[in-house]
Amino acid sequence: MSEILAIYLRLSHQDDDCLDESNSIRNQREMAVKFIDEHTDLKKYFVCEYVDDGYSGKNFERPAIKRLLADVKKNKVRCIIVKDFSRFARDYIQAGEYIEKIFPFMNVRFISINDNFDSTELGIGDTPDLRFSFQNLVNDFHSVDTSQKVRFVQAQNRKIGKHQATFAPYGYRKDPEKQGHLIVDEEAAEVVRKIFSFFLFCGNKEEVARKLEKAHIPTPAEYMRKKGLNYSWKYQKTQGTWSGAIVGRILRNRMYIGDMVSGKVEVEEISSVHVRQKPKKEWVIVENTHEPIISKELFYQVQEYKKKKCVKDMHIKGSLDSPIKGFVQCGGCRKNLVRRPRRNPSYYCKYYYSQHHDNCLSHHINERQLINSILTVLRKQVKLVQNFHTLYKEKTSHKKQIKDKEVQDLKNLQYYIQKVKQENFFLYKAYISEQIEREQFIKKKQENQIKIEKSENTYQRKLQNQQSNFQEIDMTFLDVLSESDGITGLTRDVVEKLIQVIYVHPGDKVVIQFGFQEQRRDL
């Protein structure tokens, strides 16, 4: 295979990159192609593009950059071309590590067109000049500053009810004439109306899903892909099948009565790829921002019906003749087993009969057998826990003190790492104002880099130790079991306090998941 000349292109939709035409993917591509045409020594390579469209440069959690670096490690890539340093990475520590150390070691030439940088112009043992280091440092600080500004703008847009998500919710599409506004997609909106009507008629989300499946109506994910949208559904295995969960999300979505709902999730920290779900009270809801698909009367009628049905189901689940109803799931598809309330009640998986899943329970399992198996496991737990419980309580206080100290140590390390990173910036200012010499600046920068790497390694090690050493045990479980002289029968109260879920697998294998462990028993 020919050696590769890699053109790396990146555009971030989370900062002001997307507002600058010079940073567009098309512009970056044209600049790189023109540069190659003007340098005959580059025409011997096989040109390959690596494109990350819509990804931040603050970290390396980008699919194309991962493929590029993997090809570098396989010794396939001989040269990398970018428009400027910020396209490759905005984190100056990571960018410097690759450009100054890893790429030269792998004999990979690195070219940044706008920065007039070509690694082949460096002599043996030379390092990039201060202009290179400072430019990456500026990119790093610029990225953080821009992210903060973007967060502020997004918060303001949420307050006035602008739609900011990548895709419009099912039943709507983005207004091409007004940014942040939604208009009705009549084809999908008609399906939404049917879902609300079907549910009021039958009162069962799974039944509504079966009606939609029988009518061969595409799911929201399939519909978007059919319309040519590059929609990525996180539940890939079920994106082509209607389910009660999909129907439920539509039934409780206030967007369908014309209200804008946003701010459901937030990035944990600037440049992080991790997000957290925010509690409902923190959501931002602005009323009457777009045309409704469902009337408010119908929407709240459905919500009220669901609430009453939930209360009714809870009452049924709590009946004494069925202490485990609602806790028993199929070990294959992980759906609730259906209870057949006869003289000798039993459970079966309705999805085995509708979908013929190989790992689903294929027959009925007797409820009395299941309860006896659970009782046997619980009695064993009583014997194990009673002796352990006293010792556990004695050690809890001491372990909490150690945990609190570990948490504080992690915070101190984070503060120290940030402080050393900022020190590099102030060192450069001292150098250009001639307060320190060039050699002193380079030496101190290298020392700081060693401190940062050492502290980051220590942070990761302490974090892993904390997570493995301080796993909380469910005290409710221990309290109930330790105070029991013996469990003579299975009550609803015992099940709710001790058991999370009961999985039944083919072959009548039962896995009981408690607060902190699982117990398996064959019937």
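This is a predicted model, so every value here is computed, not measured. Index from 1, following the sequence.
- From Arg109, atom CZ reaches atom CG of Leu5 across 8.5 Å, with rounding to the nearest 0.5 Å.
- Counting all heavy atoms, side chain and backbone alike, Phe299 lies closest to Asn253 at CE1-O, 3.4 Å.
- One distance of note links CG of Leu212 with NZ of Lys214; it measures 12.5 Å at 0.5 Å rounding.
- The CD1 atom of Ile65 sits 10.0 Å away from atom OH of Tyr50, with the distance rounded to the nearest 0.5 Å.
- Looking only at distances, a side-chain donor or acceptor of Arg78 sits under 3.5 Å from a matching main-chain atom of Asn107.
- Listed by first then second residue, pairs satisfying salt bridge (Lys or Arg N to Asp or Glu O under 4.0 Å) with a partner in residues 28-37 read Arg26-Glu30, Arg29-Glu49, not counting sequence neighbours.
- The side-chain heavy atoms of Ile7 and Cys48, taken from C-beta on, include no pair separated by under 4.5 Å.
- Residues Ile250 and Pro220 share a closest heavy-atom pair of CD1-CG, 4.4 Å.
- The number of heavy atoms from other shown groups lying within 6.0 Å of CD (Glu437) does not exceed 12.
- Between Lys227 and Glu187, at least one side-chain nitrogen of the basic residue sits less than 4.0 Å from a carboxylate oxygen of the acidic one, meeting the salt-bridge criterion.
- Annotation for Tyr55 and Arg10: closest pair O-NH1, 3.0 Å, computed over non-hydrogen atoms.
- For Asp71, the salt bridge (charged side-chain N to carboxylate O under 4.0 Å, His left out) test picks out no residue, with sequence neighbours left out.
- A salt bridge links Asp259 with Arg254: the distance from a Lys NZ or Arg NE/NH1/NH2 to an Asp or Glu carboxylate oxygen falls below 4.0 Å.
- Listed here is the closest heavy atom pair of Arg193 and Ile293: NE-O, 3.4 Å.
- By the 4.0 Å N-to-carboxylate-O rule, Asp115 lies too far from Lys83 to be salt-bridged with it.
- With hydrogens and angles disregarded, a donor-acceptor distance shorter than 3.5 Å links the side chain of Glu213 to the backbone of Trp242.
- Tyr170 is linked by a ring pair (Phe, Tyr, Trp, His ring centres under 6.0 Å) to Tyr223, counting only residues two or more places apart in sequence or in another chain.
- Interatomic distance, CD of Glu186 versus CZ of Arg173, reported as 10.5 Å (0.5 Å rounding).
- A salt bridge links Lys66 to Glu61: one of the charged nitrogens lies within less than 4.0 Å of a carboxylate oxygen.
- Between Gln329 and Val501 the shortest heavy-atom distance is CD-CG2, 3.5 Å.
- Residue Lys43 comes nearest to Ile36 through the heavy atom pair CE-O, 3.8 Å, listed as atom of the first residue, atom of the second, then distance.
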